[in-house]
Undergrad: 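The following block contains the structure, expressed as structure tokens.
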Amino acid sequence: MTDPAALIDDLDARGLVQDCTDLDQLRARLAEGPTTVYYGCDPTADSLHVGNLIGLLVLRRFQDAGHRPVALAGGATGMVGDPSGRSEERNLLDEATLASNVAAIKAQIGRIIDFSDQPGAAVLVDNLDWTREVRLLDFLRDVGKHVTVNQMLARESVKTRLQSEHGISFTEFSYMLLQAHDFLWLHEHLDVELQVGGSDQWGNILGGVDLIRRVRGGVAHGFSWPLLTAPDGTKLGKTTGARIWLDPARTSPYRFYQHWISTDDRQVRQFLAQFTLLSLPEVEAIVAEHGASPERRQAQRRLAHEVTALVHGEQAARDAAAASAILFGAPVADATPAALGLVAAEVPTRQVTRGELEPGLDLAELMAHDGLLSASKSEARRTIVQGGASINGVPAQSGVSVGLADLLHDRWILIRRGKKAYAMVVCEP
RNA sequence: GGGUCGGUGCCCGAGUGGCCAAAGGGAACGGGCUGUAAACCCGUCGGCAUUGCCUUCGGAGGUUCAAAUCCUCCCCGGCCCA
């Protein structure tokens, strides 16, 4: 992508531009030469999730186009809590938790963006570094004076919360000022001229753009991409537990891969464009091929491979694909030891000894153990009663146990719940 | 600070002394149909246990044979007033 202006067109064509301060002005600025872009995420957990992946990939696209990305881990803003997209006040995290979260997140960001020591190399910052020492009076005078409460109240996220019975604390209300201050600081110290974020961040981004103009008389840009939606276009219930994490300890590469495999036809083009680094012509070719025979799920397979490789590496993506082929393909009983070993590495496992297996282990007990496949024993039992559980591919009856006789190749037992959830019992010889 | 309304299961929300593990909706989960899809249909949806038992309705006490429902105090929030 040698033509700098092409970057914006590319982002636009990928459906990544929802709002922009001034698209033409931004194009013109990018045409002048390399700039510095920033994207931030708050360390609310010890891992990022796929929602953050879009932002990291946008930074990556800028980096690939010759610009310098700044990734911000919000050690300070995380202490306050962003009210955007939230119907209720957040629980505050303590400083130690936040610090370890920031460390974990930094590692994940490093896998998507290149921080190596080269000209124009990416920078990773933590806003706690410059926010911790800010004194309250200075902040009120230097930042607060430039913003009217009238504007702040007009914010959609604030309005919603004002109308809700939970209200909004001053802490969260102040969040937008902190983020605006971040942009200002980055503008002054790292020459950041552009902030990007999901559309829920649009108000916060504009706050920073305004602040920079008022305080420095400087020009800064911002744009946002649309938030992920459900296949039918409705809002995604993001508070539900269905989050897909980048941390392999939270979401195994196999589960991660499967998440993308399950993509709805209606969204597969969008996801290929937004979650992979494939060129748009490639994406269109894949989509066209998929359209010709959707039942083959070629687009989903490619999507799953690309994203898994980006986050977990090429080998992990291949292993996940191989494991999927076994679990959704040939009868389990025919699987080779090598294949089963691969599966065992990709799905949740339970180690047992021959001694434990000898008298037989209750299936429901096994499925519920440490949440292996079910949240509770009752839930596991229900699944079994409903015919949703199987041992080595054979539907399980209520009350059955697994024992030494079930071992495949004298080592493994494959348990399935429903159509997609697998776990492996591993018996060390 | 005063008045007033409210805090129910993952979420929303009914319930105002026993028939309440608690209506209804959403989410989620299992089955059917399929393409590891969508839509649709059926079922499940606090926990443990083979009729049953245990823990839940902001928190702590109390009244009662019996409380999510009544009383007291406390915590949290909305609205109005100051």
Side-chain angles (χ1 to χ4, degrees), chain A residues 83 85-92 158-173 229-244 254-272 287 289-305 308 320-332 343 346-347 362-365 367-369 371-390 393 395-401 414-423:
Chain A
R86 273 302 191 116
S87 58
E88 279 182 43
E89 190 81 7
R90 286 172 193 269
N91 294 321
L92 291 179
V158 173
K159 269 200 251 177
T160 313
R161 289 282 295 276
L162 283 175
Q163 280 157 18
S164 89
E165 59 183 299
H166 302 291
I168 180 169
S169 68
F170 180 73
T171 306
E172 286 196 15
F173 182 59
T229 56
D232 57 9
T234 56
K235 263 192 179 171
L236 209 59
K238 58 186 153 209
T239 43
T240 53
R243 278 208 163 164
I244 304 299
Y254 168 77
R255 284 234 177 106
F256 188 83
Y257 182 90
Q258 282 293 321
H259 166 75
W260 298 103
I261 284 284
S262 312
T263 300
D264 192 287
D265 284 359
R266 290 170 289 182
Q267 292 188 296
V268 75
R269 197 209 85 92
Q270 180 200 342
F271 287 1
L272 278 165
V287 171
E289 192 194 338
H290 178 259
S293 52
E295 72 285 354
R296 292 176 59 213
R297 307 180 68 75
Q298 287 304 312
Q300 279 88 347
R301 286 178 214 285
R302 187 64 188 277
L303 171 69
H305 178 85
T308 308
S324 297
I326 293 159
L327 298 178
F328 292 97
V332 180
V343 172
E346 297 292 337
V347 303
D362 179 62
L363 180 60
E365 182 94 41
M367 290 172 69
H369 184 85
L372 192 66
L373 276 178
S374 304
S376 69
K377 218 164 146 185
S378 298
E379 190 181 291
R381 217 170 296 150
R382 250 177 254 131
T383 304
I384 297 168
V385 167
Q386 289 173 138
S390 70
Q397 301 297 312
S398 199
V400 297
S401 307
L414 186 66
I415 313 291
R416 190 184 72 184
R417 194 206 73 218
K419 286 180 178 138
K420 300 177 189 174
Y422 285 90

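Chain letters run A, B, ... following the sequence lines, proteins first, then strands; residues in each count from 1. All values derive from a computational prediction rather than experimental measurement.
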Undergrad: Is there a side-chain polar atom (N or O) of A/K377 under 4.0 Å from OP1 or OP2 of B/rG47?
TA: no
Undergrad: Output the single nucleotide from B/rG35, B/rU36, B/rA38 whose closest atom is nearest the side chain of A/D264.
TA: B/rA38
Undergrad: Distance between the C1' atoms of B/rA49 and B/rU36, in whole angstroms?
TA: 35 Å
Undergrad: Distances for protein N/O vs nucleotides 30-32 of chain B N/O pairs under 3.5 angstrom?
TA:
{"unit_1": "B/rG30", "atom_1": "OP1", "unit_2": "A/R417", "atom_2": "NE", "d": "3.4"}
{"unit_1": "B/rG30", "atom_1": "OP1", "unit_2": "A/R417", "atom_2": "NH2", "d": "3.3"}
{"unit_1": "B/rG30", "atom_1": "O2'", "unit_2": "A/Q386", "atom_2": "O", "d": "3.4"}

Undergrad: Need to verify one output field. Residue with the more 5' nearest nucleotide on RNA chain B, A/S378 or A/S324?
TA: A/S324
Undergrad: Tell me every residue that passes side chain to side chain donor-acceptor pair (under 3.5 Å) with A/R269, counting only those two or more places apart in sequence or in another chain.
TA: A/E284
Undergrad: Tell me whether the side-chain N or O atoms of A/R381 pair up with the base of B/rA49 as donor and acceptor below 3.5 Å, since no angle test is needed here.
TA: yes
Undergrad: Could you please name the partner base of B/rC57, counting Watson-Crick and G-U wobble pairs only when both distances are under 3.5 Å?
TA: none
Undergrad: Once side chain to side chain donor-acceptor pair (under 3.5 Å) is applied, do any residues pair with A/Q386, and if so which ones, sequence neighbours excluded?
TA: none
Undergrad: For B/rC29, take OP1 and OP2 only and decide whether either is under 4.0 Å from a side-chain N or O of A/S374.
TA: no
Undergrad: What residues form a side chain to side chain donor-acceptor pair (under 3.5 Å) with A/D264, not counting sequence neighbours?
TA: A/R266
Undergrad: Under 3.5 Å, is there any donor-acceptor pair linking the side chain of A/Q258 to the base of B/rU36?
TA: yes
Undergrad: Run the side chain to side chain donor-acceptor pair (under 3.5 Å) test against A/S324 and tell me which residues pass, sequence neighbours left out.
TA: A/Q258
Undergrad: Check ring pair (Phe, Tyr, Trp, His ring centres under 6.0 Å) between A/F271 and all other residues, then give those that pass, not counting sequence neighbours.
TA: A/W260, A/F275
Undergrad: For the pair A/Y254 (side chain) and A/A323 (backbone), establish whether a donor and an acceptor sit closer than 3.5 Å, ignoring hydrogens and angles.
TA: no
